[in-house]
**Student:** 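One structure is given below, represented as structure tokens, and several questions about it will come after.
Convention: sequence-line order gives letters A, B, ...; per-chain numbering from 1. Being a predicted model, the structure only gives us computed values, none of them experimental.
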Amino acid sequence: MIEELEQAMVAALAGAGVELPEGFRVQVESSADLRFGDYQSNAAMVLAKRLRMNPRELAAKLIDVLDLGGMATADIAGPGFINFRIEKETWSRRVGELLGDDRLGVPLASPAQTIVVDFSAPNVAKPMHVGHIRSTIIGDSLSRIARFLGHKVITDNHIGDWGTQFGMIIHGWKTVLNDAALQADPVAELLRVYRAVNAQCDADESIRETCKRELVKLQAGDAENRLIWEKCVDLSKQGLQGIYDRLDVSFDYWYGESFYNDRLAPLVDDMLSSGVARESEGAVCVFFDGDEKLEDKPTVVRKADGGFLYATTDLATIDFRVEEWRAEQIWYVVGMPQQLHFQQIFEATRKRGLNPQMHHIAFGSILGEDRKLMKTRSGDNVQLVDVLDESVERAAKVIEEKNPGMDPGEKKQVAAIVGIGAVKFAELSQHRMTDYVFSWDRMLALQGDTAPYLQYSNVRVRSIFRKLEGGVQLDAATLVVEADAEVHLARMLVRFGETVPSLLDDFRPNLLANYLLDLAKAFHSFFE
RNA sequence: GCGCCCGUAGCUCAGUUGGAUAGAGCUCCGGAUUUCUAAUCCGGCGGUCACAGGUUCGAAUCCUGUCGGGCGUACCA
């Protein structure tokens with residue numbers, strides 16, 4: 001719809017003999033306030049300013065020669081807006097076209113690109129906690145959107161399967177592991193072991209040293225430690241997969257930190273010889289001379305003791321993604337606190353002569369009831385599994401109240417759909433940058449702007465089609481939009497194709513959530 | 001100190017990138033209904049967009065400053 005109106009406007013400008021200034025693009029957008037019509041353009045005002053004309057006169061001139069082919073009417077309002085009212089026949093036609101359109105009016109992105117999306121990335125041997133929700137759900141959503149738009153999307157779960165925590169876990173595995181508990185619930189037992197050793201370390205420095213030695217042995221390739229590590233990673237992955245299954249999230253690859261071990265030393269050598277990095281205070285660093293913001297913020301890629309860091313692994317990971325996967329874009333769905341880190345590795349990557357488009361898709365923090373940051377390492381964070389369980393349980397209670405007669409198996413199924421949906425939608429409906437206070441009530445609310453509201457509208461739609469099955473055939477020719485509620489529903493349906501492409505401009509799934517709520521409202525009104 | 005993010009109705013949040021009289025949901029008040037699943041619909045109350053300047057036809061949105069909150073600031077991830 002927007003496209004047709006824009007073309008008509010361009011033609012009208014030509015017809016009126018208006019010369020377009022360099023770089024000017026006629027824009028039509030959907031009206032925020034329906035009293036001003038369905039669509040509006042401020043082109044006359046913008047142009048009048050540049051050409052030093054009277055905006056209302058210019059708008060009048062345009063409308064004189066504007067040919068909309070009967071699809072809509074146009075008038076002038078306010079300081080020089082051109083408002084468009086779409087005819088009912090046009091709505092009928094457009095909705096009829098959508099009926100047979102698999103893409104629901106969403107155009108394919110051009111050009112399609114290869115995009116690697118890096119999200120979720122939990123640490124192995126420690127269960128996911130609430131802090132992982134945002135990355136996982138926002139990342140999954142953006143991946144799906146990009147895929148639908150026609151991009152080649154590669155999702156990669158960059159798990160923390162290598163690092164200092166393995167010193168503690170291996171020591172714990174050798175000393176305090178309970179085999180029976182491990183069999184019964186591997187994830188819980190690994191967490192218990194980790195916590196137990198963590199506490200021992202705090203109390204006794206010599207234990208911490210022992211753990212460090214275990215880590216060094218692992219890194220040196222010690223067979224026993226290597227085996228323990230492999231088992232830990234394996235068990236953890238199974239636990240994680242269970243959660244991803246419940247969330248309906250999947251990854252093309254799970255190339256964790258350990259995957260890049262062998263690439264780190266050569267990478268640092270290469271950066272040294274090419275002059276990208278240099279030694280400083282015994283460490284190897286990348287300095288960003290001449291960069292106003294990063295001038296005094298070098299990043300260390302090799303410690304004075306020879307060890308490598310997070311930044312080193314990330315740089316090696318970029319290499320791999322560009323060389324192996326031909327990534328044109330790399331998206332990192334990672335929390336706000338790591339902004340500086342990403343500025344550094346993005347800049348370091350450019351210094352190395354690689355130029356994928358890199359985006360840090362940051363998000364705000366989840367706070368405790370005291371409005372303070374939920375600590376990552378405190379050990380008593382709310383676990384993601386518990387959030388999901390609690391959510392499903394609460395949904396089950398509602399079902400028991402509202403639909404006591406439902407088949408028990410179906411009850412369970414619906415509870416899962418509603419419970420998990422509530423958690424996911426709570427994330428997706430909010431601007432990703434805002435911090436929020438974790439609250440069961442907020443996350444699991446079943447009334448208002450929530451997942452259940454959307455799901456219920458879906459149920460109602462499906463119910464209609466179920467009852468029509470075998471009876472009425474829907475086709476474009478019989479589709480007539482007439483009453484106000486019908487027009488509004490048609491308007492919202494057409495808007496889908498205009499909304500989706502804009503979601504990736506600033507990586508904003510919440511705009512889709514907002515749209516869907518508006519669509520659901522339009523549908524419920526229509527339904528009533 | 002410096003850098004980044006945030007401040008919108010009593011509460012939780014939107015706001016299509018500079019557009020018209022700033023919108024939803026929750027709460028509260030009032031109404032609808034012999035259902036194509038009421039987990040619904042319709043109406044009402046509620047605002048100095050933190051504050052002060054600036055830019056222009058036009059600012060919640062852009063620029064400057066102030067106040068308040070959060071995060072980060074080389075050998076953790």
Side-chain angles (χ1 to χ4, degrees), chain A residues 29-33 35-36 40 42 45-46 48-49 54-56 77-81 83 121 123 160 162-165 257 280-287 292-294 296-311 313-314 335-341 343-344 362 364-365 367 371-373 376-377 395 398-399 401-403 418 429-431 433-437 439 441-442 445-457 459-468 485 495 498-499 502-503 505-506 508 510-511 513-515 517-518 521 524-528:
Chain A
E29 51 194 10
S30 51
S31 304
D33 191 328
R35 281 171 300 184
F36 302 123
Q40 61 177 263
N42 56 15
M45 290 186 294
V46 178
K49 188 180 206 168
N54 179 309
R56 278 195 71 104
F81 290 102
N83 292 334
N123 278 326
W162 197 258
T164 45
Q165 81 265 29
E257 291 170 348
S280 168
E281 296 172 28
V284 176
C285 308
V286 179
F287 287 88
E292 208 178 301
K293 283 187 175 155
L294 294 177
D296 58 339
K297 302 267 187 294
T299 187
V300 177
V301 292
R302 192 173 75 199
K303 295 192 278 186
D305 69 7
F308 302 107
L309 301 102
Y310 183 37
T313 312
D314 269 1
M336 191 57 198
Q338 297 194 43
Q339 191 200 41
L340 177 60
H341 166 75
Q343 283 175 357
Q344 289 171 330
S365 313
L367 310 175
R371 291 207 72 90
K372 295 221 171 118
L373 193 66
T376 318
R377 293 184 189 278
V398 177
I399 293 166
E401 277 169 36
K402 305 224 175 234
N403 300 315
V418 173
S429 59
Q430 193 159 26
H431 193 297
M433 291 307 281
T434 52
D435 293 351
Y436 74 85
V437 175
S439 139
D441 289 341
R442 181 189 158 283
L446 302 177
Q447 251 95 44
D449 283 351
T450 62
Y453 182 82
L454 281 184
Q455 291 173 322
Y456 182 60
S457 38
V459 166
R460 284 182 135 183
V461 175
R462 298 295 288 268
S463 167
I464 294 172
F465 281 95
R466 199 165 45 241
K467 284 172 184 170
L468 288 180
R495 221 175 257 190
E498 298 161 3
T499 303
S502 72
L503 302 174
D505 291 350
D506 201 24
R508 295 278 302 280
N510 75 305
L511 296 178
N514 293 164
Y515 163 79
L517 286 169
D518 285 341
K521 276 172 209 164
H524 281 298
S525 287
F526 158 80
F527 184 94
E528 292 293 328

**Student:** Under 4.0 Å between any heavy atoms, over every strand shown, what does A/His431 touch: base, sugar-phosphate, or nothing? Just pick one.
**Tutor:**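 Sugar-phosphate: the residue A/His431, judged by heavy atoms under 4.0 Å, touches backbone atoms but no base.
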
**Student:** Do A/Gln447 and A/Tyr453 make a side-chain contact, defined as non-hydrogen atoms from C-beta onward lying under 4.5 Å apart?
**Tutor:**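 They are not in side-chain contact.
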
**Student:** Say you pick atom C1' in B/C49 and the same atom in B/A60; how far apart are they, in whole Å?
**Tutor:**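 Approximately 5 Å lies between the C1' atom of B/C49 and that of B/A60.
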
**Student:** Is A/Phe81 stacked on the base of B/G19 when the test is centres under 5.5 angstrom and planes under 30 degrees?
**Tutor:**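 It does not: the ring fails the test against the base of B/G19.
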
**Student:** In whole angstrom, give me the gap between the C1' atoms of B/C13 and B/A52.
**Tutor:**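 Here B/C13 and B/A52 have their C1' atoms 27 Å from each other.
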
**Student:** Could you measure between the two C1' atoms, the one in B/U40 and the one in B/G25, and give it in whole Å?
**Tutor:**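 Approximately 15 Å lies between the C1' atom of B/U40 and that of B/G25.
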
**Student:** Counting only Watson-Crick pairs (N1-N3 plus N6-O4 or O6-N4) and G-U wobbles (N1-O2, O6-N3), all under 3.5 Å, who is the partner of B/G18?
**Tutor:**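 None - no nucleotide pairs with B/G18, as no candidate has both distances under 3.5 Å.
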
**Student:** Rounding to the closest angstrom, what is the interatomic distance between B/U56 and B/C63 at atom C1'?
**Tutor:**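 Rounded to whole Å, the distance is 13 Å.
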
**Student:** Who passes salt bridge (Lys or Arg N to Asp or Glu O under 4.0 Å) against A/Asp449, sequence neighbours left out?
**Tutor:**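 Only A/Lys521 meet the salt bridge (Lys or Arg N to Asp or Glu O under 4.0 Å) criterion with A/Asp449.
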
**Student:** Using the C1' atom in both, what is the distance from B/U66 to B/G30, to the nearest Å?
**Tutor:**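 B/U66 and B/G30 have their C1' atoms separated by 45 Å.
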
**Student:** Can you check the A/Asp449 CG to B/C11 P distance for me, whole Å?
**Tutor:**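 Rounding to the nearest Å, CG of A/Asp449 and P of B/C11 are 18 Å apart.
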
**Student:** Using a cut-off of 4.0 Å on non-hydrogen atoms, how would the nucleic acid contact of A/Leu517 be classed: base, sugar-phosphate, or nothing?
**Tutor:**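 A/Leu517: no heavy atom of the nucleic acid under 4.0 Å.
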
**Student:** For A/Leu503, enumerate each residue passing the side-chain contact (heavy atoms from CB on, under 4.5 Å) test, keeping only those at least two apart in sequence or located in another chain.
**Tutor:**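 Checked A/Leu503 against side-chain contact (heavy atoms from CB on, under 4.5 Å); matches are A/Ile145, A/Thr499, A/Val500, A/Leu511, A/Leu512.
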
**Student:** Show me the protein contacts with nucleotides 41-43 of chain B, counting only N or O atoms at under 3.5 Å.
**Tutor:**
from: B/C41; atom 1: OP1; to: A/Tyr453; atom 2: OH; distance (Å): 2.4
from: B/C41; atom 1: O3'; to: A/Ser525; atom 2: OG; distance (Å): 3.3
from: B/C42; atom 1: OP1; to: A/Ser525; atom 2: OG; distance (Å): 2.7

**Student:** Any idea which of B/U17, B/A39, B/A20 is nearest the A/Ile399 side chain?
**Tutor:**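 Nucleotide nearest to A/Ile399's side chain: B/A39.
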
**Student:** Holding to side-chain contact (heavy atoms from CB on, under 4.5 Å), I want the full list of residues that pass it with A/Lys297, two or more places apart in sequence or in another chain.
**Tutor:**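 Partners of A/Lys297 by the side-chain contact (heavy atoms from CB on, under 4.5 Å) criterion, ordered by chain and then number, come out as A/Leu294, A/Leu340, A/Gln344.
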
**Student:** Nearest to the side chain of A/Tyr436 - B/C76, B/C13, B/C36?
**Tutor:**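 Taking heavy atoms from C-beta onward, the closest nucleotide is B/C13.
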
**Student:** I'd like the C1' distance from B/G70 over to B/U55, given in whole Å.
**Tutor:**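 Roughly 30 Å separates the two C1' atoms.
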
**Student:** Mapping A/Trp162 and A/Gln344 to their closest nucleotides on RNA chain B, which lands nearer the 5' end?
**Tutor:**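 Mapping each residue to its closest nucleotide by heavy atoms, the 5'-most match is A/Gln344.
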
**Student:** Under the rule for salt bridge (Lys or Arg N to Asp or Glu O under 4.0 Å), what residues qualify as partners of A/Asp296, not counting sequence neighbours?
**Tutor:**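 In terms of salt bridge (Lys or Arg N to Asp or Glu O under 4.0 Å), with neighbours along the sequence ignored, A/Asp296 is linked to no residue.
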
**Student:** Taking the same atom, P, in B/C62 and in B/U17, what whole-Å distance lies between them?
**Tutor:**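 My reading of the P atoms in B/C62 and B/U17 gives 13 Å.
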
**Student:** Taking the side chain as everything from C-beta on, heavy atoms only, tell me whether A/Ser31 gets closer than 4.5 Å to A/Phe81.
**Tutor:**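 No, every pair of side-chain atoms sits at 4.5 Å or beyond.
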
**Student:** Identify, with sequence neighbours excluded, every residue that meets side-chain hydrogen bond (donor to acceptor under 3.5 Å, both in side chains) alongside A/Gln338.
**Tutor:**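 So A/Gln338 forms a side-chain hydrogen bond (donor to acceptor under 3.5 Å, both in side chains) with A/Tyr310.
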
**Student:** Under 4.0 Å, counting only non-hydrogen atoms across every strand here, what does A/Tyr456 touch: a base, just sugar-phosphate, or nothing?
**Tutor:**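 Sugar-phosphate contact only - A/Tyr456 comes under 4.0 Å of backbone atoms but never of a base.
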
**Student:** Rounded off to whole Å, could you give me the CD1-to-C1' distance for the A/Ile464 and B/U40 pair?
**Tutor:**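 It is 13 Å, rounded to the nearest whole Å.
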
**Student:** Using only heavy-atom distances, decide whether a donor-acceptor pair under 3.5 angstrom links the side-chain of A/Asn83 to the base of B/A20.
**Tutor:**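 Indeed there is one.
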
**Student:** Under the side-chain hydrogen bond (donor to acceptor under 3.5 Å, both in side chains) test, which residues partner A/Arg462, sequence neighbours left out?
**Tutor:**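 Result, side-chain hydrogen bond (donor to acceptor under 3.5 Å, both in side chains) vs A/Arg462: none returned.
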
**Student:** Check whether the side chain of A/Gln430 and the base of B/A14 form a donor-acceptor pair under 3.5 Å.
**Tutor:**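 Between B/A14 and A/Gln430, which were checked side chain against base, a qualifying N/O pair under 3.5 Å is absent.
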
**Student:** Are A/Arg56 and A/Asn54 linked by a side-chain donor-acceptor pair shorter than 3.5 Å?
**Tutor:**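 No, no side-chain donor-acceptor contact under 3.5 Å.
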
**Student:** Only counting residues at least two apart or in another chain, list the ones meeting salt bridge (Lys or Arg N to Asp or Glu O under 4.0 Å) with A/Asp505.
**Tutor:**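 Salt bridge (Lys or Arg N to Asp or Glu O under 4.0 Å) list for A/Asp505, sorted by chain: empty.
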
**Student:** Tell me whether the OP1 or OP2 atom of B/A14 has a side-chain N or O from A/Thr434 closer than 4.0 Å.
**Tutor:**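 For A/Thr434, the contact criterion (side-chain N or O under 4.0 Å from OP1 or OP2 of B/A14) is met.
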
**Student:** What does A/Ser429 touch in the nucleic acid at a heavy-atom separation under 4.0 angstrom: a base, only the sugar-phosphate, or nothing?
**Tutor:**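 Contact class for A/Ser429: none.
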
**Student:** Using Watson-Crick or G-U wobble geometry with both distances under 3.5 Å, which nucleotide pairs with B/A39?
**Tutor:**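 Answer to the pairing question: none, since B/A39 forms no Watson-Crick or G-U pair.
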
**Student:** Report the distance from atom CG of A/Asp435 to atom P of B/C5, rounded to the nearest whole Å.
**Tutor:**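 These atoms are roughly 13 Å apart.
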
**Student:** Starting from the 5' end of RNA chain B, give me the residue, A/Asp518 or A/Ala32, whose nearest nucleotide shows up first.
**Tutor:**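 Its nearest nucleotide lies further toward 5', so the answer is A/Ala32.
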
**Student:** Which is true for A/Asp305 with a 4.0 Å heavy-atom rule: it touches a base, it touches only sugar-phosphate, or it touches nothing?
**Tutor:**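 Contact class for A/Asp305: none.
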
**Student:** When we call it a touch if two heavy atoms are under 4.0 Å apart, what does A/Gln40 touch: a base, just sugar-phosphate, or nothing?
**Tutor:**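 Since a base atom lies under 4.0 Å of A/Gln40, the category is base.
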
**Student:** If we call it a pair only when both distances are under 3.5 Å in a Watson-Crick or G-U wobble match, what pairs with B/G46?
**Tutor:**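 Here B/G46 is not engaged in any pair, so there is no nucleotide opposite it.
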
**Student:** Syn if the chi torsion is within 90° of 0, anti otherwise; quick check, which is B/U17?
**Tutor:**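 This nucleotide is in syn.
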
**Student:** Go ahead and name the base partner of B/G72; Watson-Crick or wobble counts if both distances stay under 3.5 Å, otherwise write none.
**Tutor:**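 The base-pairing partner of B/G72, which may sit in any strand shown, is B/C2.
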
**Student:** Quick check for you: among B/G72, B/A39, B/U17, whose closest atom lies nearest to any side-chain atom of A/Val398?
**Tutor:**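 Of the candidates, B/A39 comes closest.
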
**Student:** The criterion is side-chain hydrogen bond (donor to acceptor under 3.5 Å, both in side chains); which residues satisfy it with A/Glu528, sequence neighbours excluded?
**Tutor:**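 If we apply the side-chain hydrogen bond (donor to acceptor under 3.5 Å, both in side chains) test to A/Glu528, skipping adjacent residues, the hits are A/Arg460.
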
**Student:** Can you check nucleotides 1-4 of chain B for protein contacts, nitrogen or oxygen pairs under 3.5 Å, and list what you find?
**Tutor:**
from: B/C4; atom 1: O2'; to: A/Gln339; atom 2: OE1; distance (Å): 3.1
from: B/C4; atom 1: O2'; to: A/Gln339; atom 2: NE2; distance (Å): 2.8

**Student:** Using side-chain hydrogen bond (donor to acceptor under 3.5 Å, both in side chains) as the criterion, list what pairs up with A/Gln430, not counting sequence neighbours.
**Tutor:**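 If we apply the side-chain hydrogen bond (donor to acceptor under 3.5 Å, both in side chains) test to A/Gln430, skipping adjacent residues, the hits are A/Arg442.
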
**Student:** Which is true for A/Ala445 with a 4.0 Å heavy-atom rule: it touches a base, it touches only sugar-phosphate, or it touches nothing?
**Tutor:**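 No contact.
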
**Student:** Protein-nucleotides 56-61 of chain B N/O pairs closer than 3.5 Å?
**Tutor:**
none

**Student:** Could you measure between the two P atoms, the one in B/G19 and the one in B/G58, and give it in whole Å?
**Tutor:**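 Rounded to whole Å, the distance is 14 Å.
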
